[in-house]
Amino acid sequence: MLVLCALLVGFMIAAESRFAFMRIGDIRLEPANILPQYAVWGVITPDQERFWPSFWLAKGDYVRLLEAYYPVDVSLELRGWGKFHLNAAPLIPIYKVYWGGKFWYLSAEGKLWLSSLPENKILAEHTAEGLPVLTWGADRATPIDISQVEGNIHESSLPIPLIKSWYRMTKELGWDKYVKFIQAGVKEGTPVVRVIFYTAGNENGAQLLLPNEADRWAETGLAVKKLYGGISNLPPDVFIDGTYKGKILIRNLIDDKKGEIKTKAQEAKEKTKTKKP
């Protein structure tokens with residue numbers, strides 16, 4: 001029996017060496033040319049290429065590697081003896097995010113990647129560039145685990161349903177076409193959202209500081225409408241804090257800036273006084 005098994009194994013090795021019937025026969029990519037061939041074939045090990053069942057068993061690692069470097073959702077199917085079908089569906093950015101000094105795209109699945117990636121040329125059509133930029137503050141939870149960063153495409157911890165509620169509410173309140181930035185930050189330890197509007201010159205204009213929960217924005221929206229007749233009438237230098245219950249606070253941004261400059265000048269003056277001769 002052992003002799004028979006040895007002969008069978010030897011026969012298979014000789015046949016494989018001559019006819020390569022255990023090699024990967026084909027990987028059909030769909031859509032065609034969405035990924036470069038060096039990406040499709042370059043991450044397959046020589047052993048996997050020679051023995052296709054080992055490649056099939058390691059398909060999870062293969063898919064994860066492609067999805068780590070290209071903005072696509074990948075699936076791999078076996079379609080015959082050593083023949084595979086690779087489907088790569090381009091990701092769809094839903095928002096453009098500013099975080100860590102860089103601009104990123106965010107998909108509905110929570111994936112985050114740089115908006116400047118050359119690989120973004122394969123993205124599906126999207127409207128992210130036409131929406132207000134979401135600024136994720138440094139005082140908020142870091143959206144990706146820096147210690148686990150691999151490749152270009154990252155799984156983020158950004159709260160997609162919450163973020164969607166912010167954008168949805170700006171539309172329901174009729175603010176959306178005037179909004180330049182939606183900033184997620186923290187005020188005195190409590191998560192808040194700052195909505196920054198355009199000026200006529202496309203600069204930063206009026207600002208609203210709002211609760212983290214979008215369903216609480218309507219109260220501030222009603223107050224703004226009563227005071228100014230609507231968002232479009234807001235002076236470019238006004239700051240409205242709507243994080244208080246039952247009231248809003250209104251300040252002038254120019255006065256705040258003057259006060260900040262005055263404070264810094266006073267600090268510099270005090271430091272000069274305390275210097276020893």
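Each residue takes its place number in the sequence, starting with 1. Side chains included, hydrogens not; waters and symmetry mates left out as well; all remaining heavy atoms used.
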Could you walk me through whether Q183 and L134 satisfy the side chain to side chain contact (heavy atoms under 4.5 Å, CB included) test, starting with their C-alpha distance in whole Å, then the side-chain angles of each, then the deciding distance to 0.1 Å, before giving a yes or no? CA-CA 6 Å; Q183 295 183 343; L134 171 66; over 6 Å; no

Quick check on the hydrophobic clustering: are [X] and [Y] connected, directly or via other members, by side-chain heavy-atom contacts under 4.5 Å?
| X | Y | answer |
| --- | --- | --- |
| I248 | M169 | yes |
| V193 | V133 | no |
| I163 | F103 | no |
| I44 | L29 | yes |

If you draw the axis of the six-membered ring of F197, does the NZ or CZ of K180 fall within 45° of it and under 6.0 Å from the ring centre?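 No; the conditions do not both hold, so K180 does not lie above the ring face of F197.
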
Quiz question: by atom type and distance under 3.5 Å, do the side chains of E188 and T190 form a donor-acceptor pair?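 The criterion, which ignores hydrogens and geometry beyond distance, is not satisfied for T190 and E188.
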
Please give me the minimum heavy-atom distance between V40 and I27, naming the atom from each residue. CG1-CG2, 3.8 Å

Give me the atom names and distance for the closest heavy-atom approach of F181 to N204.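 Scanning both residues, the minimum pair turns out to be CE1-OD1, 3.5 Å.
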
Check whether [X] reaches the backbone of [Y] with its side chain - one donor and one acceptor, N or O, closer than 3.5 Å.
| X | Y | answer |
| --- | --- | --- |
| Y167 | P132 | yes |
| S156 | I144 | no |
| E219 | G246 | yes |
| N87 | S75 | no |
| D139 | V186 | yes |

Look at atom CG of L114 and say whether more than 12 heavy atoms of other residues, nucleotides or ligands are closer to it than 6.0 Å. yes

Hits for side-chain contact (heavy atoms from CB on, under 4.5 Å) against K247, two or more places apart or cross-chain, chain-then-number order -> Y244

Under the side-chain contact (heavy atoms from CB on, under 4.5 Å) rule, collect the residues that match up with S157, sequence neighbours excluded.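 Expected list: none.
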
Would R79 and D26 pass as an ion pair if we require N to O under 4.0 Å?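 Salt bridge: no.
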
K96 with E129: basic N within carboxylate O range, under 4.0 Å: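 Here K96 pairs with E129 in a salt bridge, since their nearest N and O are under 4.0 Å apart.
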
Heavy-atom side-chain proximity of N120 to Y105 below 4.5 angstrom: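 Counting from C-beta outward, N120 and Y105 do come under 4.5 Å.
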
Evaluate R64 against E67 for salt bridge (charged side-chain N to carboxylate O under 4.0 Å, His left out), listing each step before the verdict. CA-CA 5 Å; R64 279 191 293 272; E67 290 182 341; over 6 Å; no

Test side chain to side chain contact (heavy atoms under 4.5 Å, CB included) on L227 and I250 and set out the steps. CA-CA 11 Å; L227 290 170; I250 302 176; 3.7 Å; yes

Y62 and V74: CA distance, side-chain angles, deciding distance, side chain to side chain contact (heavy atoms under 4.5 Å, CB included) verdict: CA-CA 9 Å; Y62 177 75; V74 174; 5.5 Å; no

L210 side, atom CG; W166 side, atom CH2 - distance, nearest 0.5 Å: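 One finds 10.5 Å between CG of L210 and CH2 of W166.
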
Start with the C-alpha distance between W136 and W104, add both sets of side-chain angles, then the distance that settles side chain to side chain contact (heavy atoms under 4.5 Å, CB included), and finish with yes or no. CA-CA 11 Å; W136 196 256; W104 307 73; over 6 Å; no

Of R28, E77, E30, the one forming a side-chain hydrogen bond (donor to acceptor under 3.5 Å, both in side chains) with H85 is E30

Parallel, tilted or perpendicular: which one describes the rings of W217 and W175, with boundaries at 30° and 60°? parallel

Using the rule given for side chain to side chain donor-acceptor pair (under 3.5 Å), can you reason through T45 versus D47, listing the C-alpha separation, both sets of side-chain angles and the distance that settles it, and then say yes or no? CA-CA 5 Å; T45 68; D47 288 341; 5.5 Å; no

